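Remember, predicted model here, so these are calculated numbers, not experimental data.
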Amino acid sequence: MRTYDFSPLYRSAVGFDRLAGLLESAARTSQENGWPPYNIETTGENAYRIEIAVAGFTPDELNIDVKENLLTVAGRKTANDDGAAERNYLHRGLAERDFERRFQLADYVVVKTADLSNGLLTIDLVRELPEALKPRRIEIGTGGQALIEGKKRKAA
């Protein structure tokens, strides 16, 4: 397992501590087991989709939370006592274990919908920029009256 030292970044960059934290988090989570498998895709200019393979889970056993730009998807498998004690498996490849997946969201990315169909949990996200951050066109005046210290001044 390789570890990275981001302390030089902390020493020389001001205001990028969140970025360094994201890099550290990504380095840690890349070492996880990779279950359940998932896809992340872009579905438009400001739209994204996460698909997670959760075969065998019901909607009641899945939980989706968003807190401070962190999307957490967790699955908690309820006890499956439908005669499993009497079963004699030759091979048991269906994972029925709990999981937790975390996704760091960019600023202004919000979850729009979540749907479970055919063993795939699909989460649609969209980036919604506030009006103040959207590009806007500023009209240029033609030299009419201007305000100087609260008083109108006639154009020359």
Y38 and E51: CA distance, side-chain angles, deciding distance, side-chain contact (heavy atoms from CB on, under 4.5 Å) verdict: CA-CA 5 Å; Y38 63 94; E51 294 176 320; over 6 Å; no
Test side-chain contact (heavy atoms from CB on, under 4.5 Å) applied to L125 and L105, step by step: CA-CA 9 Å; L125 307 116; L105 303 179; 3.8 Å; yes
Salt bridge (Lys or Arg N to Asp or Glu O under 4.0 Å) between K77 and E61, intermediate numbers included: CA-CA 6 Å; K77 198 69 178 149; E61 296 169 329; 3.2 Å; yes
Criterion salt bridge (Lys or Arg N to Asp or Glu O under 4.0 Å) on R49 and D124, from CA distance to verdict: CA-CA 5 Å; R49 177 173 293 143; D124 288 313; 2.7 Å; yes
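Put simply, the side chain of V54 reaches to within 4.5 Å of the side chain of L116, judged on heavy atoms. In this structure, I123 and L121 have side chains that are in contact, with non-hydrogen atoms separated by less than 4.5 Å. Using a 4.5 Å heavy-atom cutoff, the side chains of R101 and F103 are in contact. In this structure, the side chains of R76 and R97 stay at 4.5 Å or more apart for every pair of heavy atoms.
In plain terms, the two heavy atoms of A53 and P36 that are nearest each other are O-CB, 3.1 Å.
A donor-acceptor pair under 3.5 Å links the side-chain atoms of T42 to the main chain of A47, judged by distance alone.
Distance check: E139 CD to T142 OG1 gives 11.0 Å after rounding to the nearest 0.5 Å.
In summary, of the residues considered (L71, T122, V111, V73), a side chain to side chain contact (heavy atoms under 4.5 Å, CB included) with I50 occurs for L71 alone.
A continuous path of ILVMFWY side-chain contacts below 4.5 Å connects W35 to I52, so both sit in one hydrophobic cluster.
The number of heavy atoms from other shown groups lying within 6.0 Å of CD (E45) does not exceed 12.
Within the 6.0 Å centre-distance limit, the rings of F99 and F57 are counted as a close aromatic pair.
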